[in-house]
Amino acid sequence: VQLQASGGGLVQAGGSLKLSCAATGSIFSRNDMAWYRQAPGKQRVLIAKITPGGQTTYADFAKGRFTISRDNAKNTVHLQMDSLEPEDTAVYSCAAADQITTDWLWGRPYWGQGTQVTVSS
């Protein structure tokens with residue numbers, strides 16, 4: 001397994017969750033890492049990405065509530081999610097690619113399995 005996501009679950013509105021995505025070293029060190037989510041009946045969307053150098057980009061809905069970070073010692077990327085809302089309910093997936101933009105993953109993409117996040121009202 002090249003990307004292994006974990007940390008999803010059920011949380012009440014206003015609560016927090018931290019997702020983690022462990023990657024093999026060769027993938028982690030050279031690629032942009034990102035988190036996506038897909039809600040029922042909707043398209044998958046980019047939440048946030050982080051470059052090997054630590055530069056971050058966020059979707060507008062994630063700014064101020066979600067934080068992406070990378071632990072280089074553990075080849076792991078995290079997504080800290082605070083002030084969760086029922087609208088954040090979705091399957092969350094991590095990905096890696098040479099370059100990740102809002103609309104595309106450039107180069108060979110890698111995907112982890114999804115992890116369900118459910119926010120109750």
Side-chain angles (χ1 to χ4, degrees):
V1 177
Q2 294 169 316
L3 295 179
Q4 183 73 42
S6 62
L10 173 64
V11 64
Q12 289 187 328
S16 299
L17 279 176
K18 186 175 184 178
L19 306 182
S20 298
C21 178
T24 57
S26 60
I27 293 173
F28 183 83
S29 62
R30 297 183 298 182
N31 287 281
D32 285 358
M33 302 291 296
W35 284 96
Y36 291 78
R37 73 183 188 186
Q38 186 168 19
K42 296 186 177 181
Q43 290 188 329
R44 184 171 58 198
V45 296
L46 176 67
I47 302 168
K49 79 156 193 189
I50 186 166
T51 68
Q55 291 180 312
T56 57
T57 304
Y58 294 90
D60 286 343
F61 68 82
K63 292 178 182 177
R65 298 192 300 130
F66 294 3
T67 303
I68 191 171
S69 62
R70 57 194 298 153
D71 183 339
N72 294 328
K74 296 182 179 180
N75 295 337
T76 300
V77 61
H78 301 289
L79 183 69
Q80 176 68 42
M81 305 186 292
D82 300 317
S83 301
L84 285 163
E85 304 165 350
E87 293 72 24
D88 295 315
T89 295
V91 175
Y92 286 67
S93 301
C94 58
D98 288 344
Q99 184 178 2
I100 296 175
T101 60
T102 301
D103 299 320
W104 201 251
L105 294 85
W106 301 91
R108 177 182 175 179
Y110 300 88
W111 288 95
Q113 87 288 4
T115 184
Q116 177 70 44
V117 171
T118 302
V119 184
S120 63
S121 57

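Keep in mind that what you see is a predicted model, and the values were worked out from it rather than measured.
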Under 3.5 Å donor-acceptor, Q113 side chain and A5 backbone: yes
Side-chain (T89) to main-chain (V119) donor-acceptor, under 3.5 angstrom: yes
Residues two or more places apart in sequence or in another chain: which of them pass side chain to side chain contact (heavy atoms under 4.5 Å, CB included) with [X]?
X    : value
T101 : Q99, W104, W106
N75  : F28
S29  : none
S69  : H78

[atom1]/[X] to [atom2]/[Y] distance, rounded to the nearest 0.5 angstrom?
X   : Y   : atom1 : atom2 : value
E85 : F61 : CD    : CZ    : 10.5 Å
Q55 : I68 : CD    : CD1   : 13.0 Å
L19 : F66 : CG    : CZ    : 8.5 Å
R65 : S16 : CZ    : OG    : 10.0 Å
L79 : M33 : CG    : CE    : 12.0 Å

What disulfide bond (SG atoms under 2.5 Å apart) pairs are there with at least one residue in [range], not counting sequence neighbours?
range          : value
residues 25-60 : none
residues 2-100 : C21-C94
residues 27-73 : none

Heavy-atom pair with the smallest gap, counting every atom of [X] and [Y]:
X    : Y    : value
V91  : Q116 : CG2-OE1, 3.2 Å
P86  : S121 : CG-CB, 3.8 Å
N31  : S26  : ND2-O, 4.4 Å
P109 : A97  : CA-CB, 4.2 Å
S20  : T76  : CB-CG2, 4.1 Å
A23  : L3   : CB-CD2, 3.3 Å

Sequence neighbours excluded - salt bridge (charged side-chain N to carboxylate O under 4.0 Å, His left out) pairs with any residue from residues 50-64: D60-K63
Checking [X] now: which residues fulfil salt bridge (Lys or Arg N to Asp or Glu O under 4.0 Å) with it, not counting sequence neighbours?
X    : value
D103 : none
R44  : none
K18  : none

Side-chain cluster (under 4.5 Å, hydrophobic types only) that I100 belongs to, other residues: Y36, L46, L105, W111
Single-linkage hydrophobic cluster V117~L10, side-chain heavy atoms < 4.5 angstrom: no
Same cluster (ILVMFWY, side-chain, under 4.5 Å), V45 and M81: yes
Check: Y92 and I47 side chains under 4.5 Å, non-hydrogen atoms: yes
